[in-house]
2 protein chains.
Amino acid sequence: METFEVPEVVVLRLPLYVRALTQLLADEMEVVSSQQLGNRLQMTPAQIRKDLSYFGRFGKQGRGYNVHFLLAELRQILGLDREWCACLIGVGRLGRAIINYPGFTPQAFNVVAAFDNDPDQVGQAFGRLTVQPMSELPETIAARDIRIGIVAVPASHAQTVIDALVQNNVQGILNYAPIAPQVPMGIVMRNIDPVLSLQSMTFYLQQMD
Amino acid sequence: METFEVPEVVVLRLPLYVRALTQLLADEMEVVSSQQLGNRLQMTPAQIRKDLSYFGRFGKQGRGYNVHFLLAELRQILGLDREWCACLIGVGRLGRAIINYPGFTPQAFNVVAAFDNDPDQVGQAFGRLTVQPMSELPETIAARDIRIGIVAVPASHAQTVIDALVQNNVQGILNYAPIAPQVPMGIVMRNIDPVLSLQSMTFYLQQMD
DNA sequence: AAATGTGAAATCATTCACAGCA
DNA sequence: TGCTGTGAATGATTTCACATTT
């Protein structure tokens, strides 16, 4: 019943539970059933119970789950009870939007450094950060215990940047460039690509005609 | 062998093939095997062949797939051989980054209108667009044949905006707000949420300690 | 000789259904 | 009574393996 082999799909859903529970907590709801949670998230109660059962027994029969308790447990399971330092590569329009995105910090993620190869950008200040040249990547990653890299460079440069991050022991990469990155086993990749989302959407839209 | 019931996971992968083939075409490669494509995309050749087989027979035994031909077929299957008009709701930092994002237009998506409820924003010009008040949503959607809505408003307003889009016959929604949207059946939702991606990443990162 | 297309097999994920507990 | 936790059943997806074609 412990972390032996949790399916990845399950891990991908845990943050959804964290978010829903956070809202419920803000609404001062004390207890929630898998049924209620399922309504909010548009999923079946059975799936929620099964997912949670991979990690332990968090509920009370006949009653449901204590919101505060379950949230704390899930945050701990996901490692959200500590702060994760990330660096950003690429301070173009997208990169600057990421620096200023207010959603990371309250969620255990802290972008502590920004890099760019463009000499015009280096030295510029955005938010709390001053843009550093790529040559400072190794020392900064080591010094600030950076485990996550956020890639916001053009597609043509993305694989090179990803290679550099991997070389410097970054373990997780959030990639915004529209490429299919090649990384060694053990590196955790997440891709953000709105165009892919739209392109699969239209398959269904055209059937409505 | 025709569009009878194609699994959604398959549809979600087609855009990956489109992108890889587009690159191969740019590299002037004429023929590609499922093996080679699989290497690029880090997936098995069998999966690629099976996916494609839901839509027809595009390859030549002993040889592989003609890049140009397969790309054209896939683009047609996904409805990317036409232009799709979208509107943006919310022209804060994120919304402005979306307006200026150069990746949509070359891929059959055209953001033709931008809305915001903030009176200070209405009338402002961003790129080719002038921000309109939400009250103009219905007429603009109808007049410009907008089928897709892109939601870039704060979480607190997102469900209201989504409801308005649905009310006005938008069929697909690309949602950047960190919520679990409620939409009627038949509406195609895609969510972009980097925080969720990071929160599932850390589950694996903490195991490396 | 090489690679597709595809039934069949294997694996993986979801849902069911109910014993057990508050 | 109401809801959890979970094996068992079902359903979906991936992979295998090979006949077939160029």
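Note on naming: letters A, B, ... go to the chains in the order of the sequence lines (proteins, then strands), and numbering restarts at 1 for each one.
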J.: Check whether any side-chain heavy atom of Pro194(B) sits under 4.5 Å from a side-chain heavy atom of Leu174(A), and report yes or no.
T.: yes
J.: Can you tell me if Arg19(A) and Gln199(B) form a side-chain donor-acceptor pair at under 3.5 Å?
T.: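 Checked: Arg19(A)/Gln199(B) side chains show no N/O donor-acceptor pair below 3.5 Å.
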J.: Taking the nucleotide of DNA chain D with the nearest heavy atom to each, does Lys50(A) or Lys60(A) sit closer to the 5' end?
T.: Lys60(A)
J.: Please determine if a side-chain N or O atom of Arg13(A) lies less than 4.0 Å away from the OP1 or OP2 oxygen of dA13(C).
T.: no
J.: Does OP1 or OP2 of dC21(C) have a side-chain N or O of Arg63(A) closer than 4.0 Å?
T.: no
J.: Do Val188(A) and Ser200(B) make a side-chain contact, defined as non-hydrogen atoms from C-beta onward lying under 4.5 Å apart?
T.: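 With C-beta onward as the side chain, the pair stays apart.
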J.: Round to the nearest Å and state the distance from Ile48(A) atom CD1 to dT14(C) atom P.
T.: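 From Ile48(A) CD1 to dT14(C) P: 12 Å.
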J.: Would you say Ser34(B) places a side-chain N or O within less than 4.0 Å of OP1 or OP2 belonging to dA3(C)?
T.: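 Checking dA3(C) against Ser34(B), no side-chain N or O comes under 4.0 Å of OP1 or OP2.
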J.: Toward the 5' end of DNA chain C, which comes first, Thr44(A) or Gly59(B), by nearest nucleotide?
T.: Gly59(B)
J.: In whole Å, what is the span from the CD atom of Glu8(B) to the C1' atom of dG11(D)?
T.: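 Those two atoms, CD and C1', are 16 Å apart.
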J.: Can Asp163(A) and Gln159(A) be counted as having a side-chain donor-acceptor contact under 3.5 angstrom?
T.: yes
J.: Would you tell me if any nitrogen or oxygen in the side chain of Tyr65(B) comes within less than 4.0 Å of OP1 or OP2 on dG5(C)?
T.: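 True: Tyr65(B) side-chain N/O within range (under 4.0 Å) of dG5(C) OP1/OP2.
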J.: Using atom CD of Gln35(B) as one end and atom P of dC16(D) as the other, report the distance to the nearest whole Å.
T.: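 Between P of dC16(D) and CD of Gln35(B): 12 Å.
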J.: With the side chain of Arg57(A) defined as its heavy atoms from C-beta on, choose the nearest nucleotide among dA13(C), dG5(D), dT21(D).
T.: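 Closest nucleotide among those given: dG5(D).
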J.: Need one value for Arg49(A): base, sugar-phosphate or nothing, where a base atom within 4.0 Å counts as base even if backbone is also close, heavy atoms only.
T.: base
J.: Taking atom C1' of dA3(C) as reference, at what distance in whole Å does atom CG of Asn66(B) sit?
T.: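 After rounding, the gap between these two atoms is 15 Å.
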J.: Please confirm whether the shortest side-chain N or O distance from Gln47(B) to OP1 or OP2 of dT14(D) is below 4.0 Å.
T.: yes
